[in-house]
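For reference, the structure discussed in these notes is given below.
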Amino acid sequence: MVAVNYVGEELWSYFNAPWEKRVDLAWQLMEIAEQLTNNDFDFALYLLDVSFDNFAVGPRDGKVIIVDAENVLVADKKLIKQNKPENWDVWYESKFDDCDKEACLSFSKEILCSRATVDHNYYAICQNLLSRHATWRGTSGGLLHDPPAEIAKDGRLEALLDECANPKKRYGRFKSAKELREYLAQLSNNAR
(Lines give C-alpha, C1' and ligand atoms only; values in the text may rest on other atoms or scores of the structure.)
Protein backbone atom coordinates (compact mmCIF):
# COMPACT_ATOMS: atom_id res chain seq x y z
CA MET A 1 0.00 0.00 0.00
CA VAL A 2 1.21 3.49 -0.84
CA ALA A 3 -0.16 6.62 0.76
CA VAL A 4 0.04 9.89 -1.14
CA ASN A 5 -0.96 13.40 -0.24
CA TYR A 6 -2.18 16.01 -2.73
CA VAL A 7 -0.25 19.21 -2.11
CA GLY A 8 -1.08 21.06 -5.31
CA GLU A 9 -0.67 21.15 -9.05
CA GLU A 10 2.69 20.21 -10.56
CA LEU A 11 4.87 23.16 -11.42
CA TRP A 12 4.48 22.05 -15.03
CA SER A 13 0.83 23.12 -15.02
CA TYR A 14 2.02 26.73 -14.56
CA PHE A 15 4.24 26.71 -17.67
CA ASN A 16 1.80 28.97 -19.53
CA ALA A 17 0.42 30.83 -16.50
CA PRO A 18 0.34 34.64 -16.60
CA TRP A 19 3.81 36.24 -16.55
CA GLU A 20 3.39 37.66 -13.03
CA LYS A 21 2.64 34.20 -11.61
CA ARG A 22 5.62 32.62 -13.39
CA VAL A 23 7.93 35.36 -12.09
CA ASP A 24 6.73 34.71 -8.53
CA LEU A 25 7.25 30.96 -8.93
CA ALA A 26 10.73 31.51 -10.40
CA TRP A 27 11.64 33.76 -7.46
CA GLN A 28 10.42 31.08 -5.04
CA LEU A 29 12.49 28.42 -6.84
CA MET A 30 15.64 30.55 -6.57
CA GLU A 31 14.91 31.15 -2.88
CA ILE A 32 14.58 27.39 -2.37
CA ALA A 33 17.95 26.91 -4.08
CA GLU A 34 19.49 29.49 -1.74
CA GLN A 35 17.93 28.04 1.43
CA LEU A 36 18.97 24.50 0.57
CA THR A 37 22.53 25.64 -0.15
CA ASN A 38 23.12 28.20 2.61
CA ASN A 39 21.33 27.82 5.92
CA ASP A 40 21.88 28.11 9.65
CA PHE A 41 22.25 24.34 10.02
CA ASP A 42 25.45 24.23 7.93
CA PHE A 43 24.05 21.37 5.85
CA ALA A 44 23.68 21.73 2.11
CA LEU A 45 20.87 19.76 0.50
CA TYR A 46 21.69 19.32 -3.18
CA LEU A 47 18.81 18.49 -5.51
CA LEU A 48 19.99 15.82 -7.94
CA ASP A 49 16.74 15.39 -9.90
CA VAL A 50 15.30 18.77 -10.82
CA SER A 51 12.33 18.75 -13.18
CA PHE A 52 8.90 20.34 -13.45
CA ASP A 53 7.19 17.30 -11.95
CA ASN A 54 9.31 17.33 -8.77
CA PHE A 55 7.75 20.59 -7.59
CA ALA A 56 4.15 21.54 -6.86
CA VAL A 57 2.36 24.78 -6.11
CA GLY A 58 0.13 24.94 -3.03
CA PRO A 59 -3.50 25.59 -4.00
CA ARG A 60 -4.23 27.99 -1.14
CA ASP A 61 -1.02 29.92 -0.68
CA GLY A 62 0.71 29.56 -4.07
CA LYS A 63 3.94 28.38 -2.42
CA VAL A 64 6.34 26.15 -4.33
CA ILE A 65 6.86 22.80 -2.62
CA ILE A 66 9.40 20.06 -3.34
CA VAL A 67 7.28 16.95 -3.85
CA ASP A 68 9.92 14.41 -4.87
CA ALA A 69 12.99 14.56 -2.69
CA GLU A 70 14.21 11.00 -3.17
CA ASN A 71 17.32 12.25 -5.00
CA VAL A 72 18.84 14.70 -2.56
CA LEU A 73 22.45 14.67 -1.44
CA VAL A 74 23.14 15.98 2.07
CA ALA A 75 26.54 17.57 2.63
CA ASP A 76 27.71 18.44 6.13
CA LYS A 77 29.47 21.75 5.52
CA LYS A 78 30.67 21.95 9.12
CA LEU A 79 32.41 18.57 8.71
CA ILE A 80 33.89 19.66 5.37
CA LYS A 81 35.33 22.78 7.03
CA GLN A 82 36.62 20.70 9.94
CA ASN A 83 38.24 17.90 7.87
CA LYS A 84 39.50 20.23 5.14
CA PRO A 85 39.69 17.79 2.20
CA GLU A 86 41.73 18.87 -0.80
CA ASN A 87 40.33 22.10 -2.33
CA TRP A 88 37.55 22.25 0.29
CA ASP A 89 37.67 26.06 0.31
CA VAL A 90 37.77 26.53 -3.48
CA TRP A 91 34.34 27.53 -4.79
CA TYR A 92 32.97 24.81 -7.04
CA GLU A 93 31.18 25.69 -10.26
CA SER A 94 28.99 22.96 -11.74
CA LYS A 95 29.62 22.19 -15.39
CA PHE A 96 26.88 23.13 -17.84
CA ASP A 97 25.36 20.06 -19.50
CA ASP A 98 24.03 20.79 -22.98
CA CYS A 99 22.25 17.51 -23.59
CA ASP A 100 19.30 16.67 -25.78
CA LYS A 101 17.21 15.11 -23.01
CA GLU A 102 14.90 16.62 -20.41
CA ALA A 103 16.17 17.56 -16.97
CA CYS A 104 19.90 16.97 -17.54
CA LEU A 105 22.36 17.65 -14.77
CA SER A 106 26.01 16.77 -14.45
CA PHE A 107 27.52 16.52 -10.98
CA SER A 108 30.08 14.71 -8.89
CA LYS A 109 28.87 13.42 -5.53
CA GLU A 110 32.47 13.41 -4.33
CA ILE A 111 32.91 17.10 -5.10
CA LEU A 112 29.52 18.08 -3.68
CA CYS A 113 30.54 16.37 -0.43
CA SER A 114 34.01 17.88 -0.25
CA ARG A 115 33.51 21.58 -1.02
CA ALA A 116 32.14 24.21 1.34
CA THR A 117 30.84 26.48 -1.43
CA VAL A 118 28.99 24.89 -4.35
CA ASP A 119 26.62 26.38 -6.95
CA HIS A 120 24.81 23.13 -7.80
CA ASN A 121 21.28 24.12 -6.73
CA TYR A 122 21.40 27.41 -8.65
CA TYR A 123 22.69 25.53 -11.69
CA ALA A 124 19.96 22.87 -11.42
CA ILE A 125 17.09 25.37 -11.06
CA CYS A 126 18.36 27.72 -13.77
CA GLN A 127 19.24 25.04 -16.31
CA ASN A 128 16.29 22.70 -15.83
CA LEU A 129 13.44 25.04 -14.89
CA LEU A 130 14.03 28.71 -15.68
CA SER A 131 16.36 29.33 -18.61
CA ARG A 132 16.04 28.85 -22.36
CA HIS A 133 17.96 25.58 -21.89
CA ALA A 134 15.07 24.05 -19.91
CA THR A 135 13.04 21.54 -21.90
CA TRP A 136 10.05 19.56 -20.70
CA ARG A 137 7.34 17.56 -22.46
CA GLY A 138 8.22 18.94 -25.87
CA THR A 139 8.50 22.56 -24.77
CA SER A 140 11.54 24.76 -24.37
CA GLY A 141 12.34 28.15 -22.97
CA GLY A 142 11.84 27.40 -19.30
CA LEU A 143 9.31 28.84 -16.89
CA LEU A 144 10.34 32.38 -17.83
CA HIS A 145 9.72 31.97 -21.56
CA ASP A 146 8.20 34.82 -23.56
CA PRO A 147 8.71 37.73 -21.14
CA PRO A 148 6.84 41.00 -21.76
CA ALA A 149 8.36 43.16 -24.51
CA GLU A 150 9.93 45.73 -22.16
CA ILE A 151 11.70 43.01 -20.16
CA ALA A 152 12.84 41.16 -23.29
CA LYS A 153 14.12 44.40 -24.83
CA ASP A 154 16.03 45.29 -21.66
CA GLY A 155 17.92 41.95 -21.92
CA ARG A 156 18.84 41.79 -18.24
CA LEU A 157 16.66 38.77 -17.42
CA GLU A 158 17.97 36.72 -20.35
CA ALA A 159 21.58 37.64 -19.50
CA LEU A 160 21.14 36.63 -15.85
CA LEU A 161 19.43 33.36 -16.80
CA ASP A 162 22.14 32.53 -19.35
CA GLU A 163 24.94 33.25 -16.87
CA CYS A 164 23.17 31.23 -14.18
CA ALA A 165 22.68 28.22 -16.48
CA ASN A 166 25.95 28.40 -18.42
CA PRO A 167 28.39 30.90 -16.91
CA LYS A 168 30.96 32.58 -19.12
CA LYS A 169 32.80 34.29 -16.26
CA ARG A 170 34.62 32.69 -13.35
CA TYR A 171 32.16 32.36 -10.46
CA GLY A 172 29.56 33.91 -12.76
CA ARG A 173 26.79 31.60 -11.57
CA PHE A 174 27.21 32.65 -7.94
CA LYS A 175 26.92 36.33 -8.87
CA SER A 176 24.13 35.89 -11.41
CA ALA A 177 22.07 33.69 -9.05
CA LYS A 178 22.17 36.41 -6.39
CA GLU A 179 21.31 39.12 -8.91
CA LEU A 180 18.58 36.95 -10.44
CA ARG A 181 16.94 36.43 -7.03
CA GLU A 182 16.97 40.19 -6.45
CA TYR A 183 15.69 40.99 -9.97
CA LEU A 184 12.87 38.42 -9.74
CA ALA A 185 11.88 39.84 -6.34
CA GLN A 186 11.76 43.32 -7.91
CA LEU A 187 9.72 42.07 -10.89
CA SER A 188 7.40 40.16 -8.58
CA ASN A 189 6.81 43.24 -6.38
CA ASN A 190 6.20 45.43 -9.44
CA ALA A 191 3.60 42.96 -10.71
CA ARG A 192 1.55 43.15 -7.51
What side-chain donor-acceptor pairs closer than 3.5 Å can you find for residues 9-16, not counting sequence neighbours?
residue	atom	partner	partner atom	Å
Glu9	OE2	Tyr6	OH	3.2
Glu10	OE1	Arg137	NH2	3.4
Ser13	OG	Glu10	O	2.7
Asn16	OD1	His145	NE2	3.4

Interatomic spacing from CZ in Arg156 to CG in Leu161 - rounded to 0.5 Å: 11.0 Å
Is any side-chain heavy atom of Asp162 less than 4.5 Å from a side-chain heavy atom of Lys168? no
On a heavy-atom basis, the closest approach of Ala56 and Val7 is CB-CG2, 3.9 Å
Mind running side chain to side chain contact (heavy atoms under 4.5 Å, CB included) on Lys63 and Val57 for me, showing each step along the way? CA-CA 5 Å; Lys63 299 290 184 206; Val57 179; over 6 Å; no
In the structure I gave you, are the side-chain heavy atoms of Phe107 and Leu73 within less than 4.5 Å of one another anywhere? no
Test your reading of the model: is there a side-chain donor-acceptor pair from Glu158 to the backbone of Ala152, 3.5 Å cut-off? no
In terms of hydrophobic clusters joined by side-chain contacts under 4.5 Å, are Ile111 and Leu47 together? yes
Would a distance-only check, ignoring hydrogens and angles, find a side-chain to backbone donor-acceptor pair under 3.5 Å from Asp154 to Glu150? no
Consider side chain to side chain contact (heavy atoms under 4.5 Å, CB included). Of Leu130, Leu184, Leu143, which one does Arg22 pass it with? Leu143
A side-chain contact here means heavy atoms from C-beta on lying under 4.5 Å apart; do Glu34 and Asn121 qualify? no
I'd like to know whether Ile66 forms a side chain to side chain contact (heavy atoms under 4.5 Å, CB included) with Asn54, so could you lay out the CA-CA distance, the side-chain angles of the two residues, the decisive distance to 0.1 Å, and finally the verdict. CA-CA 6 Å; Ile66 300 171; Asn54 288 342; 5.7 Å; no
Is there a path of hydrophobic side-chain contacts, each under 4.5 Å between heavy atoms of I, L, V, M, F, W or Y residues, that connects Ile65 with Leu25? no
Using the rule that Ile, Leu, Val, Met, Phe, Trp and Tyr join whenever any side-chain heavy atoms are under 4.5 Å apart, tell me whether Val67 and Val64 fall into a single cluster. no
As an exercise, state the distance from CZ of Phe52 to CH2 of Trp136, rounded to the nearest 0.5 Å. 8.5 Å
Cluster question for you: counting only ILVMFWY and a side-chain heavy-atom cut-off of under 4.5 Å, with indirect links fine, are Val72 and Ile80 together? no
Minimum side-chain heavy-atom gap Ser114-Trp88 below 4.5 Å: no
Once you round to the nearest 0.5 Å, how far does CD of Glu93 lie from NE2 of His120? 14.5 Å
Step-by-step salt bridge (Lys or Arg N to Asp or Glu O under 4.0 Å) determination, Glu31 to Arg181: CA-CA 7 Å; Glu31 287 297 307; Arg181 285 185 14 248; 2.9 Å; yes
Please step through side chain to side chain contact (heavy atoms under 4.5 Å, CB included) for the pair Asp68 and Phe55, ending with a clear verdict. CA-CA 7 Å; Asp68 183 356; Phe55 295 87; over 6 Å; no
Please answer whether the main-chain N or O of Ser140 pairs with a side-chain N or O of Arg132 as donor and acceptor at a distance below 3.5 Å. no
If you measure from CH2 on Trp91 to CZ on Arg170, what distance do you get to the nearest 0.5 Å? 10.0 Å
Heavy atoms only: give me the nearest Ala165-His133 pair and the separation to one decimal. CB-CD2, 3.7 Å
Distance from Asn166 atom CG to Ser131 atom OG, nearest 0.5 Å? 9.0 Å
So does Ser106 get a backbone contact from the side chain of Tyr123, meaning a donor-acceptor N/O pair under 3.5 Å? yes
Hey, does Thr37 have a side-chain heavy atom less than 4.5 Å from the side chain of Val118? no
Quick check against the 3.5 Å criterion: does Asp42 have a side-chain atom that pairs as donor or acceptor with the backbone of Asp76? no
With distance as the sole test, does Asn83 use its side chain to make a donor-acceptor pair with the main-chain N or O of Pro85 at under 3.5 Å? no
Test Leu180 against Cys126 for side chain to side chain contact (heavy atoms under 4.5 Å, CB included), laying out the working first. CA-CA 10 Å; Leu180 182 59; Cys126 286; 3.9 Å; yes
Looking at Lys178, I'd like to know if its NZ atom is crowded, meaning that more than 12 non-hydrogen atoms belonging to other residues, nucleotides or ligands lie closer than 6.0 Å. no
Quick check for you: to the nearest 0.5 Å, what is the distance between Tyr46 atom OH and Cys113 atom SG? 8.5 Å
Any ion pair linking Asp89 and Lys84 (charged N to carboxylate O, less than 4.0 Å)? no
Within a strict 4.5 Å, meaning less than it, do heavy atoms of the Lys21 and Asp24 side chains meet? yes
Closest non-hydrogen atom pair between Ala116 and Lys77, with its separation: O-CE, 3.0 Å
Start with the C-alpha gap between Arg173 and Asp119, add the side-chain angles, then the distance that decides, and say whether salt bridge (Lys or Arg N to Asp or Glu O under 4.0 Å) holds. CA-CA 7 Å; Arg173 187 175 290 123; Asp119 67 359; 2.7 Å; yes
Would you kindly confirm whether Met30 and Leu45 end up in one hydrophobic cluster when ILVMFWY residues are joined by side chain heavy atoms under 4.5 Å apart? yes
Pairwise side-chain contact, Ile32 with Ile125, heavy-atom cut-off 4.5 Å (strictly under): no
Report yes if some heavy atom in the side chain of Thr117 is under 4.5 Å from a heavy atom in the side chain of Phe174; otherwise report no. yes
Ser176 side chain to Cys164 main-chain N or O, any donor-acceptor pair under 3.5 Å? yes
